[in-house]
Each structure stands twice: as structure tokens, then as C-alpha cells.
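Heads up, the thing below is written out as C-alpha cells.
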Amino acid sequence: MANQHKHKQRVIRGIPDDLVEQFDAAARAAGGDRSSITRALWEHWLQVPGAEAPPRPTTDTPPAEG
């Protein structure tokens, strides 16, 4: 079926829109997307064998407003 996801979608609440926009831009600049970077972070944090931390954005990405 078209538009059917392989995995169940998850929702993460409490993240401001401006932070999501910055994250999406940084993920695209690193050659990924929100899902791929988030999954890599989870796998790295859980110490899944072979998992590596995803690349961090360059320092020219502005910091989140506070």
C-alpha cells in the first residue's frame, strides 16, 4: 500500500517548533533527516552493537533560542 510506514509512528512532545526547524535543517545538511538522526541517537545512546553517533551539525548552525 502507498504511504504505509514500515514501523509505527512515534510522537515526541514538548519540542518547540523553532528547535524542530533547526534540527531538520541540520539533519538535511548532514545528509539525513529527522528520523534517521533520531534513530542513530537512540541506538548510540543504548549502545547497540555497531551503532555510531550521528554527525553533529557544523558550528555555523545557530543555537536554539532559550
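Basis for what follows: all heavy atoms, side chains included, without hydrogens, waters or symmetry-related copies.
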Quiz prompt | Hphob cluster co-occupancy, L41 + W45, side-chain heavy atoms under 4.5 angstrom | solution = no
Self-check item: Distance, nearest 0.5 Å, that separates CG of D17 from CD of Q22
Solution: 11.5 Å
Exercise. Taking all heavy atoms of H44 and all of E52, pick out the closest pair and write down the distance.
Key: ND1-C, 3.8 Å
Quiz item: Are any side-chain N or O atoms of T38 and backbone N or O atoms of S35, one a donor and one an acceptor, separated by less than 3.5 Å?
Solution: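 Checked: no pair found.
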Practice problem: Carefully, step by step, assess R39 and I37 under the rule side chain to side chain contact (heavy atoms under 4.5 Å, CB included). | Solution: CA-CA 5 Å; R39 181 181 174 124; I37 300 295; over 6 Å; no
Quiz item: Are R13 and V11 close enough that some pair of their side-chain heavy atoms sits under 4.5 Å apart?
Solution: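 When only atoms from C-beta onward are counted, V11 and R13 do touch, with a gap below 4.5 Å.
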